[in-house]
Amino acid sequence: MKIWLKKIAVYWKKLRTQLFLTYFLVFTFFFTAVSVLVSGSIRDLLLDQIGSNRTAVLRQIGERADIVKTSSITLSNLYRYEIQSNGFLEKGMSEEAGEKARQYLDSQKEIYDEVFSRIGLGYEVVLMGENGFIYNSDSANVDVSTWMHQPWFKYLLAALNSGTDETVEFSRTFSTNENGSSVYRFAAGQMLDWGGSRSVLLILIDEQQLENLYVSTQEQGGEVYIYDQNGFIVSHSNKKMLGKQFIDVDYMQNEYGTNRSNIIKKLGESYVLSTYLDEKTGWTIVEESPTRIILGALNQTYWIMGCLLATGLILALGVSVYISRRVSNPLTELSNAMDKFGTPEFTTSPVGNSTQEIGSLQESFRHMAVEISSLMKIIREREQQKRKLEVNFLRAQINPHFLYNTLFSIRCAVEVGKNSQAAQMLGAFIDLLRSTLSVKDNTVPLRDELLTTRKYLVVQKLRYGEKVHYEVEMQSGTELCMVPPLILQPLVENAIFHGLEAKSQGGTVVIESALQGENLLLTITDDGAGMDEETLNQARANCEQNVVKDAHSIGMSNVHNRIRLNYGDGYGLTLESSKGIGTTITLLMPAVIQKEESNESPGGG
């Protein structure tokens, strides 16, 4: 998990990733915002249009309901006139007169039915007089004997008693039991006053006639209902709601207004609530339609918008990838070129196709890299020349020092009369010079370097005799290692002149070679006089100096500096010594093997 997080973190830091995400998020936000705004605008526009249409439909329903209500009032006034003009409310009406009155009203009803059937209005008439006369046009189905005790009738009587004789009031919707089923009606009532007696005239209208006005326009899953100015339900598709006061009129008008549409939440679902207040009837027609039904036409629009959004996102993805690569690839190449600058893998590639600014930056870096590479090449060549001159100088520094010490030894032999020994020394010296001056390479095999050193030891042994002994111990595999020439002879010379010569009984010089990993170790050990701590520290300090004034330290400093010039500061010479015990010099350098092998090897003496 940590590895993946690290990979994600590394990938996130890349310029291409950040550019891609930035462009993609911007494009995504743009397309999403446009889609949402367009979809919302279409939805709002459609809702406004639907709301206006539904309000217009409700207005038409209200106008038809007004016809029903107005026709009821007209019928009430017609029957009031017939009843009063024929004296049907006189006291002491006989049974025979009452029957004639009923027959007359039945005949009038037939006439009125023919007129009002043209507008689709069906009705029944009930007259309840204080003189005991009762007329019921639907006596076979409607029992009016219990109405006096019903709430809707009491409410209607209270309204009629508070008004004038000609006032027509409408009752709540009530139910009657006809042939075992409930029939819902509302009544247009009018109080008739005749000679001090008051009678009630009712025009009964079937509620189904109001429902028929809107049932064909009712949306699936929606509801249409009508309530009066007091909040009582006059007409509703759910018959259990009829006659109930479920509506707070003031709240409805303040919250949702009149003659307009609103979006409401009901039981967790959105509805379009449309209302229309008919000022003539005082009735309010309400429609509640689920938005999922009326906005069904938007589904195809949403699907099209979704497809466009998906296409836009795919386009945004492609454009983001293209732009991020176009900007980041040249910068990545430039960054990689900067990382490789100064290494063998670096190349000055041509400027690629990119923006003007990045192209200018690449061209500037390419020009700078060419100039710096050219300067670095010149500097390397000069450093190599300088290094070669320094090595040659150090080698040349060894030769006079070596010649002086050897010739001095021959001179001493001549002065003491050892002419034969001097001749042998001179012959050995000539052989040694031939070997030394013939070396032209910067490195020689270790076996050749040991052979040259052995010839030098022969010269010194002729001078000192049994006072100087030497041993050479080579580990197998080291004889072919390449070493700088004349790195052992100066150190052997120091061991003899500053170590063994200072002892009366002489001593031994031991030369050893060994491999340590990928390095070559050469040690020159003598059991001579050694050095005290102060002299040892001074000798070590002289080795680190490029210019040495002390002649005794020329050999060690020369060898140490040549090794470091050839192989680096990690290599060189270390010096250990103890007074009266001896001195050990260790040389450390890379183990570089000669390509061509030779069978010649040095020996001991």
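Not measured: the values here are computed from a predicted model.
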Measure the spacing between [atom1] of [X] and [atom2] of [Y] and express it to the nearest 0.5 Å.
X      : Y      : atom1 : atom2 : result
Leu522 : Leu491 : CG    : CG    : 9.5 Å
Arg540 : Ser557 : CZ    : OG    : 15.0 Å
Glu471 : Ile511 : CD    : CD1   : 10.0 Å
Ile430 : Lys455 : CD1   : NZ    : 12.5 Å
Asp527 : Lys503 : CG    : NZ    : 4.5 Å
Ser289 : Tyr271 : OG    : OH    : 9.5 Å

**OP:** Apply side chain to side chain donor-acceptor pair (under 3.5 Å) to Gln489 and Thr453, showing your working.
**Re:** CA-CA 5 Å; Gln489 184 273 332; Thr453 304; over 6 Å; no
In terms of side-chain heavy atoms, does [X] have a donor or acceptor partner in [Y] at a distance below 3.5 Å?
X      : Y      : value
Thr584 : Glu576 : no
Gln460 : Tyr470 : no
Thr452 : Asp448 : no
Arg562 : Asn566 : no

Under a 4.5 Å cut-off applied to non-hydrogen side-chain atoms, are [X] and [Y] in contact?
X      : Y      : value
Ile585 : Leu573 : yes
Leu480 : Leu446 : no
Leu588 : Tyr567 : no
Met589 : Val483 : yes

**OP:** State, to 0.1 Å, how close Val509 and Ile524 come at their nearest heavy-atom pair, and which atoms those are.
**Re:** CG1-CG2, 4.0 Å
Subject >> Nearest heavy-atom neighbours spanning Leu520 and Cys481 >> reply: CD2-CB, 3.7 Å
Subject >> Listed partners of Glu269 passing side chain to side chain donor-acceptor pair (under 3.5 Å), at least two apart >> reply: Arg292
Original post:
Is it true that Glu534 and Lys579 have a side-chain N and a carboxylate O under 4.0 angstrom from each other?
Top reply: no
Original post:
Counting only heavy atoms not in Glu518, do more than 12 sit closer than 6.0 Å to its CD atom?
Top reply: no
